[in-house]
Structures are given as structure tokens and as C-alpha cells.
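Beneath this line is the structure, given in C-alpha cells, with notes to follow.
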Amino acid sequence: MKGKIIVNEERCKGCDLCVAACPMHILELSPLNVNSKGYHFVVQKAPESCTGCTACAICCPDACITVYRER
């Protein structure tokens, strides 16, 4: 099963909790882009490897991540 995440980039504070929680190690803070508040937001560096486990969404304190599973 494949997964896909959608990040609300404007709400993300770049706390890095989802990056640490991802068992596939596919998330990182955007090295170049920031949101309107000046925070580096999370992005997928290898979206094809996402399993849709929801670990990132569960640990996000600001509910910035929505996970979808594809068959």
C-alpha cells in the first residue's frame, strides 16, 4: 500500500517531530523555503517510499499533516 501526505505549509512550525517519527526517513525540513511566518516547513524527500503509516500526522502538535493511502 502506498501513502501520500499533504502538509499545511502555513501552519507548520518546523518542529521536526514528524521527521524524527517517520520510520521510512522520507521527511525533512525544507532547506530553502519558508512559510509566511519564517518557518522551514516539512517536505517529503522521497514521496514514492511513503507507506501511509500516519506516524507523522499522529505526532504533529499542530495537525499540519493529512495522510492518504492509495491502493
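Cys50 places none of its side-chain heavy atoms less than 4.5 Å from the side chain of Lys2. Counting heavy atoms from C-beta on, the side chains of Tyr39 and Val34 never come closer than 4.5 Å. Contact of the Leu27 side chain with the Cys56 side chain is registered, since non-hydrogen atoms from C-beta on lie closer than 4.5 Å.
Between the CZ atom of Arg69 and the OG1 atom of Thr51 there is a distance of 7.5 Å, given to the nearest 0.5 Å. Expressed to the nearest 0.5 Å, how far OH of Tyr68 lies from CD1 of Ile5 amounts to 11.5 Å.
Formation of a donor-acceptor pair under 3.5 Å by the Thr54 side chain with backbone atoms of Ala57 is not found in this model.
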Scan the side chains in residues 11-26 for donor-acceptor partners under 3.5 Å anywhere in the protein, sequence neighbours excluded, and list what turns up.
from	atom 1	to	atom 2	distance (Å)
Arg11	NH2	Asp62	O	2.5
Lys13	NZ	Asp62	OD2	3.2

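For residues 24-49, no residue pair satisfies the salt bridge (charged side-chain N to carboxylate O under 4.0 Å, His left out) rule, not counting sequence neighbours.
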